[in-house]
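By convention in this document, chain letters (A, B, ...) are assigned in the order of the sequence lines, proteins followed by strands, and residues within each chain are numbered from 1.
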There are 2 protein chains.
Amino acid sequence: MYHKIQKTIICITDYMTPRTSIQLEKIREAKRSLIMQSALEHFAKNGYYATTISHIAKHAGISKGLMYNYFPSKEALLKEIIYNYIQEIYQYFDINRDGYLTEEEFEYFIHQIYRTLKEKKSFFQLLFQMMMQSEVRLKLIELQKSIETLAARSDDSITALEKQIYKTLSDYFKRKKEKAGQEYDSDLELNIFIYTIKGFALTYVFNETEFDEEYFEKSVNKIIELYK
Amino acid sequence: MYHKIQKTIICITDYMTPRTSIQLEKIREAKRSLIMQSALEHFAKNGYYATTISHIAKHAGISKGLMYNYFPSKEALLKEIIYNYIQEIYQYFDINRDGYLTEEEFEYFIHQIYRTLKEKKSFFQLLFQMMMQSEVRLKLIELQKSIETLAARSDDSITALEKQIYKTLSDYFKRKKEKAGQEYDSDLELNIFIYTIKGFALTYVFNETEFDEEYFEKSVNKIIELYK
DNA sequence: ATTTTATGATTGAACGGTCAGTCAAATGTA
DNA sequence: TACATTTGACTGACCGTTCAATCATAAAAT
């Protein structure tokens with residue numbers, strides 16, 4: 001079925017071009033995406049090690065060998081997936097780059113987290129899994145660093161995202177402190193808040209009982225109410 | 001060689017036992033524990049699939065083959081570990097079997113969670129990993145059910161523990177509701193509380209930066225303060 | 001005290017299966 | 001024809017598992 005889609009794409013791009021140039025590149029890119037999508041689903045569901053290249057290929061409607069035309073190795077494929085998603089998710093949270101969060105923006109921020117979790121569920125499943133194996137995590141970080149030439153960021157993508165979020169929130173909670181009395185420990189409250197978000201993310205992302213979305217939305221609103 | 005065969009034949013004639021002492025059983029049990037300990041550490045650090053029997057055996061100071069004298073398979077070893085720890089942890093939380101939690105007991109309960117996380121860090125690392133792979137989780141549940149003859153519990157150990165905790169807490173939060181006004185949604189607050197605990201557990205258990213214990217203890221106290 | 005013997009513990013080479021990765025050939029495509 | 005894409009049989013390494021053989025020890029026999 002994926003195979004058919006792929007053929008269609010080729011047909012569409014079948015202009016009179018004598019040159020196999022930029023169009024070709026686009027087809028290639030589309031297929032790359034297809035493979036990554038298939039791989040992500042398998043990695044997320046069964047884990048990295050339990051997933052075989054053959055399964056990924058079959059699901060993507062291509063042969064095993066072709067995989068290696070697009071990615072040099074299974075590990076490279078994994079890293080590429082993670083790197084790409086991280087980059088993409090980065091965009092979502094670039095809005096508050098001034099570092100100042102209003103209450104409204106804070107609310108938006110939390111909702112944005114929820115939307116992102118929902119939209120990229122599989123990716124977060126994979127990410128959680130990755131972050132729980134020190135061996136793999138180290139490998140990832142090490143390799144992110146070697147890829148970093150691509151972006152102008154000097155720190156590794158995974159923790160960079162975490163850091164940016166942390167910084168913005170830290171400022172927000174500090175400002176709350178100024179408003180509130182002396183008793184209020186902003187760092188501590190921030191940490192508790194992060195635990196809550198983490199726990200929520202974990203629960204949401206790995207929830208299989210096809211819970212109501214409404215249930216989770218209520219939780220999101222409660223969290224906002226508690227911490228805004 | 002031939003010599004050996006003769007021995008075997010004699011063996012068949014089946015004299016009564018010049019057998020070793022019953023204490024042998026204790027040594028056996030000790031070695032079983034040793035293997036399980038070694039396996040747990042590897043599983044926790046590198047994940048189930050990335051861990052080889054050879055590694056476990058080498059770390060335990062025994063040969064690969066001997067592993068199979070104590071456990072029928074790698075998977076059985078995993079299940080045995082999880083089952084044992086679950087059973088053990090059960091004990092810790094059996095105190096409030098009456099289902100009624102006072103504020104003091106609630107405080108104790110949270111502290112107990114923290115102590116358990118600390119004491120059985122590796123196990124919780126493994127457990128978190130397991131719970132994130134649907135494939136493995138299903139296998140586990142299915143097999144727990146087949147082992148259940150051992151204990152008089154009719155539901156599987158992992159979720160049973162979860163359920164018991166949930167029930168006790170649910171009652172506690174409901175009672176809070178009665179005290180507080182109408183605005184208070186006990187179920188919702190309970191869920192948020194659980195997210196927080198989960199997030200805290202996740203952070204604590206996979207923390208590698210050798211954070212101060214003091215830091216986490218402060219968090220524990222804050223959580224108590226927020227939810228008691 | 002010494003030797004014999006039975007038995008469980010232990011070893012590691014070997015087996016069978018799996019899987020990441022390769023490559024020569026086939027199949028388009030211009 | 002020339003060039004690119006795609007395939008899937010194949011390879012070599014690895015790993016869970018097995019098993020024939022050895023070791024260690026305690027009781028029995030001498």
Side-chain angles (χ1 to χ4, degrees), chain A residues 2-32 34-35 39 42-43 46-58 60-79, chain B residues 1-32 34-35 39 42-43 46-58 60-79 139:
Chain A
Y2 284 110
H3 197 79
K4 294 244 163 92
I5 290 167
Q6 163 200 339
K7 277 194 172 168
T8 311
I9 291 169
I10 290 168
C11 277
I12 288 167
T13 54
D14 196 8
Y15 290 106
M16 298 304 279
T17 49
R19 293 279 156 172
T20 62
S21 58
I22 305 166
Q23 259 104 16
L24 211 87
E25 198 55 37
K26 275 204 169 167
I27 295 169
R28 232 188 120 73
E29 198 49 49
K31 185 155 285 182
R32 249 180 83 89
L34 184 69
I35 294 172
H42 279 87
F43 287 158
N46 305 325
Y48 175 74
Y49 288 103
T51 300
T52 71
I53 298 289
S54 297
H55 284 129
I56 297 171
K58 182 175 267 181
I62 60 163
S63 73
K64 190 169 145 181
L66 193 56
M67 237 284 315
Y68 288 89
N69 215 324
Y70 290 88
F71 301 93
S73 71
K74 189 185 178 186
E75 198 177 309
L77 172 60
L78 170 69
K79 281 177 299 196
Chain B
M1 279 212 194
Y2 293 106
H3 178 270
K4 195 75 199 177
I5 289 166
Q6 259 188 343
K7 271 191 179 177
T8 310
I9 290 167
I10 291 165
C11 180
I12 288 167
T13 61
D14 208 40
Y15 251 97
M16 276 290 109
T17 56
R19 67 184 52 141
T20 52
S21 66
I22 307 163
Q23 308 300 25
L24 212 100
E25 198 55 36
K26 276 206 167 167
I27 295 170
R28 226 186 124 74
E29 199 46 51
K31 186 151 285 180
R32 246 179 87 90
L34 183 69
I35 294 172
H42 279 88
F43 287 158
N46 307 325
Y48 175 74
Y49 287 104
T51 300
T52 71
I53 299 289
S54 297
H55 285 131
I56 297 171
K58 181 176 269 183
I62 60 162
S63 75
K64 203 164 129 173
L66 191 56
M67 237 285 315
Y68 288 88
N69 206 318
Y70 290 89
F71 301 93
S73 70
K74 189 185 177 186
E75 198 176 311
L77 171 59
L78 170 69
K79 279 175 301 195
K139 240 190 243 170

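The separation between B:N69 atom CG and D:dC19 atom P is 13 Å, rounded to whole Å. Taking atom CE of residue B:M67 and atom P of nucleotide D:dG16, one finds them 9 Å apart after rounding to whole Å. When rounded to the nearest whole Å, the span between CD1 of A:I56 and P of D:dT7 equals 16 Å. Here the C1' atom of nucleotide D:dT6 and the CG atom of A:L34 are 15 Å apart, to the nearest Å.
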Produce the list of close N/O pairs, under 3.5 Å, pairing protein atoms with atoms of nucleotides 21-23 of chain C; give distances to one decimal.
{"residue": "C:dG21", "atom": "OP2", "partner": "A:Y68", "partner atom": "OH", "Å": "3.0"}
{"residue": "C:dG21", "atom": "OP2", "partner": "A:K74", "partner atom": "N", "Å": "2.8"}
{"residue": "C:dG21", "atom": "O6", "partner": "A:K64", "partner atom": "NZ", "Å": "2.5"}

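With contacts defined as side-chain heavy-atom distances shorter than 4.5 Å, the pair A:H55/A:N46 does not qualify. With contacts defined as side-chain heavy-atom distances shorter than 4.5 Å, the pair A:K64/A:M67 does not qualify.
Annotation: the span from B:I56 atom CD1 to B:K58 atom NZ amounts to 13.5 Å, rounded to 0.5 Å.
For C:dG8, the OP1/OP2 oxygens have no side-chain nitrogen or oxygen of B:R28 closer than 4.0 Å.
Judged by a 6.0 Å distance limit and a 45° cone about the ring axis, B:K74 is not positioned over the six-membered ring of B:F43.
Contacts of A:Y70 with the nucleic acid, taken as non-hydrogen atoms under 4.0 Å apart, involve only primed sugar atoms and P, OP1 or OP2.
The two atoms that bring B:Y70 and B:K31 nearest to each other are OH-CD, 3.5 Å, heavy atoms only.
Remark: side-chain polar atoms of A:Y48 are paired, donor with acceptor, to backbone N or O of A:E75 under 3.5 angstrom.
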